[in-house]
Enquirer: 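Sending over a structure as structure tokens; questions will come in a sec.
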Number of protein chains: 2
Amino acid sequence: MEKTTFRDVKQTVLTRIRDKTWAPDTFIPNEVALAAEFGCSRSTVNRAMRELAEEGILDRKRKAGTRVNATPVRNAKFVIPLVRDEVEATGAAYRYALVSREVLPAPPWLRARLSLGDKSRVLHLNCLHFANNAPFQFEDRWINIATVPMVEQADFSARGPNEWLLSQVPFTDVELSFSANTADAQLADFLALSPGEPVFTAERTTWLNDNPVTFARLSFGRGYRMTTRY
Amino acid sequence: MEKTTFRDVKQTVLTRIRDKTWAPDTFIPNEVALAAEFGCSRSTVNRAMRELAEEGILDRKRKAGTRVNATPVRNAKFVIPLVRDEVEATGAAYRYALVSREVLPAPPWLRARLSLGDKSRVLHLNCLHFANNAPFQFEDRWINIATVPMVEQADFSARGPNEWLLSQVPFTDVELSFSANTADAQLADFLALSPGEPVFTAERTTWLNDNPVTFARLSFGRGYRMTTRY
DNA sequence: ATTTCCTTTATGTCTGGACATAATAATTAT
DNA sequence: ATAATTATTATGTCCAGACATAAAGGAAAT
């Protein structure tokens with residue numbers, strides 16, 4: 001007879017939820033009772049339940065107990081890779097090109113988005129990432145010079161700003177958002193699309209303890225899909 | 001003097017990584033050493049390190065040790081809510097309408113996607129979800145009758161199939177993918193767009209232990225954004 | 001009836017110890 | 001030199017027991 005692991009407990013609990021032994025919105029036995037039933041320690045049950053709660057299956061509250069979540073608002077985990085890795089993972093050759101680089105006062109829309117003062121200076125970069133020489137992603141990147149002073153000396157002709165930032169500048173918070181948009185003339189040009197074609201847009205803003213670090217708008221052309229399994 | 005919690009340990013480790021005390025791609029001290037340094041038990045250090053590894057910050061291997069991940073492939077967590085909750089969270093009134101319902105043999109593209117046999121029957125539904133009476137999401141839903149026989153008797157005139165499925169049918173695996181597309185004539189009509197306007201598309205396929213349950217294509221009109229912070 | 005205080009209870013976390021396991025490093029046999 | 005075997009080591013997991021803490025429920029005071 002093998003020992004009951006926290007994985008076994010998770011599995012058993014999941015099965016009971018699926019076969020409606022434990023119905024949605026009802027409380028399940030407490031940890032001590034389950035530990036006794038499964039023949040393991042409370043710590044083991046606790047870990048199993050904690051992870052299931054993390055996954056959105058269960059809802060736990062002190063004293064109240066553990067309830068089966070009626071609407072399992074399951075959270076999908078998206079792995080956000082580097083462009084280089086994303087391209088190379090498909091077997092395609094990755095190439096990077098810097099389109100433009102300039103230092104300028106932060107435009108109003110960016111000041112609003114990052115809550116910057118009105119005399120903030122930013123580095124603005126436009127970059128293109130290719131997969132097998134076909135444009136794959138257009139990167140519109142803004143970096144807050146006040147938070148990252150050394151960015152003015154950095155060389156972005158061979159390596160993209162994202163890779164540089166990841167290796168040089170830590171961050172504590174990220175906001176990420178996805179949307180569908182149409183390509184304007186400039187974007188269509190860069191991504192080899194016709195104006196008006198749909199583009200998949202990912203916008204990422206990062207902070208280092210309340211100090212805005214960077215804002216990036218990443219545009220992907222035809223056929224791009226962001227996929228996850230869980 | 002307070003006790004050192006696993007949260008304290010996580011915080012300290014993160015700080016040391018950020019200030020480059022522990023550089024990327026280098027090994028950090030083992031759990032016993034850290035427990036001694038922090039004045040806590042190894043279990044506490046273990047939990048902190050395990051969670052940081054889960055978050056993609058660290059890379060752990062038995063015997064080898066714990067290494068600082070050079071390219072923190074941080075994974076974003078997306079909470080996928082019910083349409084109803086998503087709409088009501090903005091303060092808008094939610095309304096649902098069933099557009100069409102028919103039982104038919106699975107079309108070839110669906111058979112391929114769900115690996116269905118060639119005489120599979122499916123229930124096909126078209127639904128509209130409104131926010132304050134403005135179309136918010138168009139749902140193109142296909143349900144595998146073989147896996148969910150009782151779906152033929154279900155009434156979808158008042159409640160959307162997603163809510164019904166969530167409460168009635170368990171699932172074990174989900175594939176989710178996002179993309180940008182253009183509205184065709186039918187979709188433009190339903191979402192009150194002009195044909196050719198961009199739509200944000202989410203496609204979700206779910207299985208119950210290798211048995212395909214359902215495939216849904218959810219289309220969102222103008223201005224829809226899917227956002228997460230971490 | 002409403003507020004305030006106290007008790008109870010289930011989860012949250014820590015400890016210190018133990019054994020399991022994977023992977024590396026060292027050793028021995030071919 | 002190369003392959004097979006054996007130690008070593010850091011992480012992975014488990015346990016039993018302890019105390020902390022949030023929150024529900026009831027009791028007492030207003």
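In what follows, chains are A, B, ... by sequence order, proteins preceding strands, each numbered from 1. Atom set for the values below is all heavy atoms of this structure, side chains included, hydrogens, waters and symmetry mates excluded.
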Enquirer: Tell me which residues in residues 23-34 of chain A lie within less than 4.0 Å of DNA chain C, going by non-hydrogen atoms.
Expert: A/N30, A/E31
Enquirer: Would you please name every residue forming a side-chain contact (heavy atoms from CB on, under 4.5 Å) with B/S43, sequence neighbours left out?
Expert: B/S41
Enquirer: Would you tabulate the pairs of protein nitrogen or oxygen atoms and nucleotide nitrogen or oxygen atoms of nucleotides 22-28 of chain D closer than 3.5 angstrom?
Expert:
| residue | atom | partner | partner atom | Å |
| --- | --- | --- | --- | --- |
| D/dA22 | O4' | A/R62 | NH1 | 3.4 |

Enquirer: Are A/S179 and A/N181 close enough that a side-chain donor and a side-chain acceptor fall under 3.5 Å?
Expert: yes
Enquirer: Tell me, please, which residues at least two apart from B/R16 pass salt bridge (Lys or Arg N to Asp or Glu O under 4.0 Å).
Expert: B/E37
Enquirer: The criterion is side-chain hydrogen bond (donor to acceptor under 3.5 Å, both in side chains); which residues satisfy it with A/R67, sequence neighbours excluded?
Expert: A/D25, A/D59
Enquirer: Tell me, which pairs form a salt bridge (charged side-chain N to carboxylate O under 4.0 Å, His left out) where one or both residues lie in residues 143-156 of chain B, sequence neighbours left out?
Expert: B/R121-B/E152
Enquirer: Identify all side-chain donor-acceptor contacts of residues 205-215 of chain A below 3.5 Å with residues at least two apart in sequence or on another chain.
Expert:
| residue | atom | partner | partner atom | Å |
| --- | --- | --- | --- | --- |
| A/T214 | OG1 | A/R141 | NH1 | 3.1 |
| A/T214 | OG1 | A/W142 | O | 2.8 |

Enquirer: How sharply is the helix from C/dA1-D/dT30 to C/dT30-D/dA1 bent, taking the axes over five pairs at either end and rounding to 10 degrees?
Expert: 10°
Enquirer: Is the backbone of B/A93 close enough, under 3.5 Å, to the side chain of B/N132 for a donor and an acceptor to pair up by distance?
Expert: yes
Enquirer: Partners of A/R111 by side-chain hydrogen bond (donor to acceptor under 3.5 Å, both in side chains), sequence neighbours excluded?
Expert: none
Enquirer: With sequence neighbours excluded, tell me which residues meet side-chain hydrogen bond (donor to acceptor under 3.5 Å, both in side chains) with B/S120.
Expert: none
Enquirer: Can you pull out the residues from residues 41-53 of chain B that lie within a 4.0 Å heavy-atom distance of DNA chain C?
Expert: B/S41, B/R42, B/S43, B/T44, B/R47
Enquirer: Taking B/E86's backbone N and O only, do any of them form a donor-acceptor pair with B/Y94's side chain (distance below 3.5 Å, no angle check)?
Expert: no
Enquirer: So, using side-chain hydrogen bond (donor to acceptor under 3.5 Å, both in side chains) as the criterion, who are the partners of B/E88 when residues are at least two apart?
Expert: none
